[in-house]
Protein chains: 2
Amino acid sequence: MTARITDVARAAGVSASTVSRALRGRPGVSEEVRAQIAAVADQLGYTASQSASSLASGRTYTIGVVAPYIGRWFFGTVLDAAEQVFSAAGYDVLLYNLGSPEARKRFFTRLPVRKRVDAVLSLLIPDPDESAALRSLGVPLASTVGGAREGFTVVGIDDRAGAESAVRHLVNLGHRRIGMISGASGPLHWTTPVDRREAYLSVLADAGIAHDPALEADGGYTVEGGEQAMTRLLAASRPPTAVFAQSDEMAMGAMRALRRHRLRVPEDVSVVGFDDHELAEVVGLTTVAQPVAGQGTEAARLLLRQLDEPAEPDAQPPADKVRMPIRLVLRETTAPPSPRGPQ
Amino acid sequence: MTARITDVARAAGVSASTVSRALRGRPGVSEEVRAQIAAVADQLGYTASQSASSLASGRTYTIGVVAPYIGRWFFGTVLDAAEQVFSAAGYDVLLYNLGSPEARKRFFTRLPVRKRVDAVLSLLIPDPDESAALRSLGVPLASTVGGAREGFTVVGIDDRAGAESAVRHLVNLGHRRIGMISGASGPLHWTTPVDRREAYLSVLADAGIAHDPALEADGGYTVEGGEQAMTRLLAASRPPTAVFAQSDEMAMGAMRALRRHRLRVPEDVSVVGFDDHELAEVVGLTTVAQPVAGQGTEAARLLLRQLDEPAEPDAQPPADKVRMPIRLVLRETTAPPSPRGPQ
DNA sequence: CTGTTAGCGCGTTCAC
DNA sequence: GTGAACGCGCTAACAG
């Protein structure tokens, strides 16, 4: 049916080994023969069987990418960027979408990537057990989205600094009642929500503003959740005049809730997000910008570099920690508090 | 290093064949022995080598998914949904991101999925040559996003009907100068932009409205492009009082352009989108809703069904064509034209 | 520079 | 119900 290496060998009048060497650019084949083999292979539409090749060589030329919620802008963008780097380097990408707890559990117990991939890029932060499972694969590991983890190369941002700049901006505008819509640390054991919250508390403290627990609500990192969280904040006895949302999607949800309550942004309530979502500019959202695609690209590159290195067993796993730059982008959803307040 | 089937066999006191049969649920193994083997395998953390298994059996239990721009909401959402179906059925997903022409060309000339996948789901419409290349793989094929293609099971929507409902809505509100922001058919050989445009022209004709080419602009299916397209429309000698954008992302770009020109939506200009993007509700966008995740789910299911069928060679490839439902969702970006017009 | 010889780890006959 | 042999298609080590 489809051509095998022996077909090419016979047609080119050489042995299978020579075909193998020629097609993979290994030394030890005359240019003349190489060209001849390439022509024959091309004409026969020959591609080496991945299974056979990897069985014999031990290499798969495949990267496993583990992500939660690919449909979410952030992860989709990171995945997109990482995939481009991998495929340009000749690697295929095996995708595992671990949005649901069942999918996640299934993945980590069965570990379908075992013997299937040369490396794993995780877009979520595996918890300690999961990390250990991944380490047991014995391949290079990388991860984006904060939180150092043993054995992982991690590419992320300074969540504290980002959140601080956002909250400080609100303080500088004169706000005193500043709410926060956070993301549950929940099943994802990542430090991001924690770090951003600490930054929030710290800036408030520096400004001499007492912390009011009624001004914090969980938005679960979704638009819908952000809307509900904002609604809860508005139900407080003294609602906030400004809100820091830990993601742009929650910020947009909050804006929607505000509109429903006939409150204007920023006249009645200021809103700051985090991420610089593709559509943040469309809605004029002030936000903390981070290089999202950049993190995918960088993590992918670091992983490939480890694959290229001759794997000296004495060298420690290069637990690099790369910090990508962030910056506060001022748009139209923040302003000084209204003298009358949001009521 | 990692356990092989012979390790399990030895530890369980049986032969490798029995382990193979037991673990894959094939008949011919006593329940007692099966349980014993499962326990041993579990304890050893044994997973069959994908390469060896697929080399021996010919099946890969892997689906190739080909997509453009995974970072775009639409494709990310379809991919997310499809992946869930595949992985729940025990299939892995090999992802190919064909956003750039180079990546696309590389994929179709090298066809890295050959002998690597049991089926292919394409989220883009391959041109005739590309379709032929995919057919040469000899595996079931499916595709989302419009356009029938020989040998493909396609899951899509009625683009004409959707666009008609959007434009008719504007006509019914009393608009006569109705612009359209379209997506270039460009390198993607899909019928969607063409179908939607025909619907636009047809509704205008039915309403006795002369077609003005100055009211059409290309937005390339991006937010940015939509913004530029709207800007061009506004520069017309007689700008539109309403705009139909062929995607929500372009519609949001258009809204942004309108805001920059100090025009209000819908008081000065009405806007209708297409897709019902996750954030359409946030910005109050009137749009034609289509089941995006649903298309991914359905296409994945149809593919799996073909895989399960005993592949009777006499039966024609089931070139199903599934139409998913659409509906116009009225929100806050459409209203009757202002008596004074947008100037 | 090239051909020959062995496996890689598993699924699949076929015997028993 | 179970085990022994064979081969899937390729790459690696060894000759020459």
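Chain A is the first sequence line, chain B the second, and so forth, proteins listed ahead of strands; every chain is numbered from 1.
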Side-chain N,O (A:Ser17) to OP1/OP2 (C:dG3) below 4.0 Å: no
Pair A:Gln84, B:Ser100: side-chain N/O donor-acceptor within cut-off below 3.5 Å: no
A:Ala16 backbone acceptor or donor facing A:Ser20 side chain under 3.5 Å: no
Charged tip of A:Arg59 within 45° of A:Tyr61 ring normal and under 6.0 Å: yes
C:dT2 phosphate, OP1 or OP2, under 4.0 Å from A:Ser30 side-chain N/O: yes
Touch class at under 4.0 angstrom, heavy-atom based, for B:Arg24 against every strand present: sugar-phosphate
B:Arg21 CZ to C:dT13 P, straight-line distance once rounded to whole Å: 11 Å
Sugar-phosphate only, base, or nothing, as touched by B:Arg26 at under 4.0 Å among non-hydrogen atoms: sugar-phosphate
Nearest-nucleotide comparison on DNA chain D, the residue closer to the 5′ end among B:Ser15 and B:Leu55: B:Ser15
No-H, no-angle donor-acceptor pair, B:Arg34 side chain to D:dG1 base, under 3.5 Å: no
Integer-rounded Å distance: C:dC10 C1' and B:Asp7 CG: 13 Å
Proximal nucleotide (of C:dG11, D:dT11, C:dG9) relative to the A:Ala56 side chain: D:dT11
Short side-chain N/O contact to D:dC10 OP1/OP2 from A:Tyr46, under 4.0 Å: yes
Residue whose nearest DNA chain D nucleotide is more 5′ - B:Gly28 or B:Lys115: B:Gly28
Donor-acceptor pair under 3.5 Å, B:Ser57 side chain vs C:dT12 base: no
Rounded distance (Å) that lies between atom P of C:dG9 and atom CZ of B:Arg4: 5 Å
Phosphate OP1/OP2 of C:dG3: any A:Thr18 side-chain N/O under 4.0 Å: yes
Distance, rounded to the nearest Å, where A:Ile5 contributes CD1 and D:dA12 contributes P: 11 Å
Separation of atom CD in A:Glu31 from atom P in C:dT2, rounded to whole Å: 10 Å
Side-chain H-bond candidate by donor/acceptor type, A:Arg116 with A:Thr62, under 3.5 Å: no
Interatomic distance where CG belongs to B:Leu23 and C1' belongs to C:dT12 [whole Å]: 16 Å
Test item: side-chain donor near acceptor, B:Gln50 and B:Thr60, under 3.5 Å: no
Whole-Å distance separating the CD1 atom of B:Ile37 from the C1' atom of D:dG1: 11 Å
Interatomic distance, A:Arg59 CZ vs D:dG9 C1' [rounded to whole Å]: 19 Å
